[in-house]
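Only one structure is covered here, and it is reproduced in the block below.
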2 protein chains.
Amino acid sequence: MLGEFEYLLITTAARLGENAYGAAIREGIEEIAQRKCSIGALYTTIERLEGKGLITTWMGEATAERGGRAKRMVRVTGKGTRAAKEFYEVMMRVSRGASWAVGRAEKLS
Amino acid sequence: MLGEFEYLLITTAARLGENAYGAAIREGIEEIAQRKCSIGALYTTIERLEGKGLITTWMGEATAERGGRAKRMVRVTGKGTRAAKEFYEVMMRVSRGASWAVGRAEKLS
DNA sequence: TCCATTAGTTCTACATTGCAGTAGTAATGT
DNA sequence: ACATTACTACTGCAATGTAGAACTAATGGA
């Protein structure tokens, strides 16, 4: 199954849509998960996810900004979306009835 | 942070309450996550969680059943509950707005 | 023009978790 | 006594998670 960080990455990339690239995903993760995301964690996971066919990546244009280096763009594949969905559903099913999930997960049938 | 399988184990143990012990937890996981849970995965994770203070374990009585060997009982500690809660909340926050979480996670503020 | 600065990625190494199976132990029932 | 059964212990390896230093190419000002 998907790992927890892999799920974080896929979800963040999906949310960023057309603007999903390495550094932006990193910011996104730090913001939403409220924790550090090291550069190494980010790119090694991108590599692995691409290897598994859950995302695709390609080099984009350099931005016209000071230091704007070419970006590594990311897109979540259909397979990636399915994997994320499955991960999410297992988590919800397992959490159903847990004291820390009151008012949320138990709404799932 | 907690791993995905660690979360599964803690949640299942919490749900089983007084009846949480190795083999029962294993069955519980297989049932709810709909996947195999190997013996090794189970006990090594129990060891690790105990090492981190997220659960406590002790040997219980042998059941009066044929082959009823002494059971390794499990209880989730306060620290364990907090860790699970945090894991759950990060997952929910991250999933908010994801296409595969429609109708569920986005209800969380 | 040259260089400091900056956004971004690549690379390397290691720590932590996940997974699988075999072996071992103590009780039951015949 | 012995086959059977419910369970746990142990060992080894695969997959994921984490960290940060090094590298690259573009910008903008002196």
Side-chain angles (χ1 to χ4, degrees), chain A residues 1-10 12-13 16 19-30 33 35-55 57-74 83-84 87 90 94, chain B residues 1-10 12-13 16 19-30 33 35-52 54-55 57-74 83-84 87 90-91 94:
Chain A
M1 209 197 303
L2 228 47
E4 160 256 328
F5 187 70
E6 292 178 316
Y7 179 74
L8 234 66
L9 202 158
I10 288 187
T12 306
L16 288 170
N19 307 313
Y21 66 94
I25 293 175
R26 187 178 172 213
E27 273 178 47
I29 288 177
E30 296 203 330
R35 70 177 214 189
K36 288 287 280 179
C37 167
S38 77
I39 302 181
L42 183 77
Y43 288 101
T44 51
T45 303
I46 285 182
E47 290 288 315
R48 287 165 188 166
L49 288 175
E50 185 166 29
K52 290 196 263 181
L54 303 183
I55 60 174
T57 74
W58 67 94
M59 295 311 283
E61 298 289 302
T63 332
E65 267 179 80
R66 181 187 186 112
R69 187 182 168 179
K71 296 165 178 171
R72 184 161 180 185
M73 309 306 291
V74 171
F87 180 91
V90 168
V94 167
Chain B
M1 210 197 297
L2 228 46
E4 159 256 328
F5 187 70
E6 292 177 317
Y7 179 74
L8 235 64
L9 201 158
I10 288 186
T12 304
L16 289 170
N19 308 312
Y21 67 94
I25 294 175
R26 188 177 173 213
E27 272 179 47
I29 289 178
E30 295 203 333
R35 70 176 213 189
K36 287 287 280 179
C37 167
S38 77
I39 303 181
L42 182 77
Y43 287 100
T44 51
T45 303
I46 286 182
E47 289 289 314
R48 287 165 188 165
L49 288 176
E50 185 165 31
K52 290 196 262 183
L54 303 183
I55 60 174
T57 75
W58 67 97
M59 294 312 283
E61 298 289 303
T63 332
E65 267 179 80
R66 180 184 186 116
R69 185 181 168 181
K71 295 165 178 172
R72 186 161 177 183
M73 310 306 291
V74 171
F87 181 90
V90 168
M91 286 301 149
V94 166

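Note on naming: letters A, B, ... go to the chains in the order of the sequence lines (proteins, then strands), and numbering restarts at 1 for each one.
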Whole-Å distance separating the [atom1] atom of [X] from the [atom2] atom of [N]:
{"X": "B/L9", "N": "C/dT16", "atom1": "CG", "atom2": "C1'", "answer": "16 Å"}
{"X": "B/I46", "N": "C/dT17", "atom1": "CD1", "atom2": "P", "answer": "16 Å"}
{"X": "A/Y21", "N": "C/dT10", "atom1": "OH", "atom2": "P", "answer": "14 Å"}
{"X": "A/L49", "N": "D/dA15", "atom1": "CG", "atom2": "P", "answer": "14 Å"}
{"X": "A/E47", "N": "D/dA15", "atom1": "CD", "atom2": "P", "answer": "16 Å"}
{"X": "A/L2", "N": "D/dT16", "atom1": "CG", "atom2": "P", "answer": "8 Å"}
{"X": "B/K71", "N": "D/dT5", "atom1": "NZ", "atom2": "C1'", "answer": "13 Å"}
{"X": "B/R48", "N": "D/dA9", "atom1": "CZ", "atom2": "P", "answer": "15 Å"}

Query raised in the report: Looking across every strand, which nucleic acid part, if any, lies under 4.0 Å from A/A23 by heavy atom: base, sugar-phosphate, or nothing?
Result: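 Sugar-phosphate contact only - A/A23 comes under 4.0 Å of backbone atoms but never of a base.
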
Query raised in the report: At under 4.0 Å between heavy atoms, what does A/G22 touch on the DNA or RNA strands: base, sugar-phosphate, or nothing?
Result: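 Sugar-phosphate, no base atom in range.
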
From the list [options], which nucleotide is the closest neighbour of the side chain of [X]?
{"X": "A/S38", "options": "D/dA9, C/dC19, D/dT18", "result": "D/dT18"}
{"X": "B/I39", "options": "C/dT10, C/dA20, D/dA9", "result": "D/dA9"}
{"X": "A/R72", "options": "C/dT17, C/dT10, D/dT18", "result": "C/dT10"}
{"X": "A/K52", "options": "D/dT16, D/dG20, C/dG18", "result": "D/dT16"}

Query raised in the report: How close do A/L42 and A/G22 get, heavy atom to heavy atom, and via which atoms?
Result: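 Looking at all heavy atoms of both residues, the shortest contact is CD2-O, 3.3 Å.
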
Query raised in the report: Going by modelled atom types, is there a donor-acceptor pair between the base of C/dC19 and the side chain of B/T44 at under 3.5 Å?
Result: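 Counting by modelled atom types and ignoring angles, a donor-acceptor contact under 3.5 Å is found here.
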
Query raised in the report: Counting only heavy atoms not in A/K36, do more than 12 fall under 6.0 Å of its NZ?
Result: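 Open.
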
Query raised in the report: Does A/R35 have a side-chain nitrogen or oxygen under 4.0 Å from the phosphate oxygens OP1 or OP2 of D/dT18?
Result: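 For A/R35, the contact criterion (side-chain N or O under 4.0 Å from OP1 or OP2 of D/dT18) is met.
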
Report task. Take A/F5 and A/L8, measure what side chain to side chain contact (heavy atoms under 4.5 Å, CB included) needs, and give me the verdict at the end. Result -> CA-CA 5 Å; A/F5 187 70; A/L8 234 66; 4.2 Å; yes

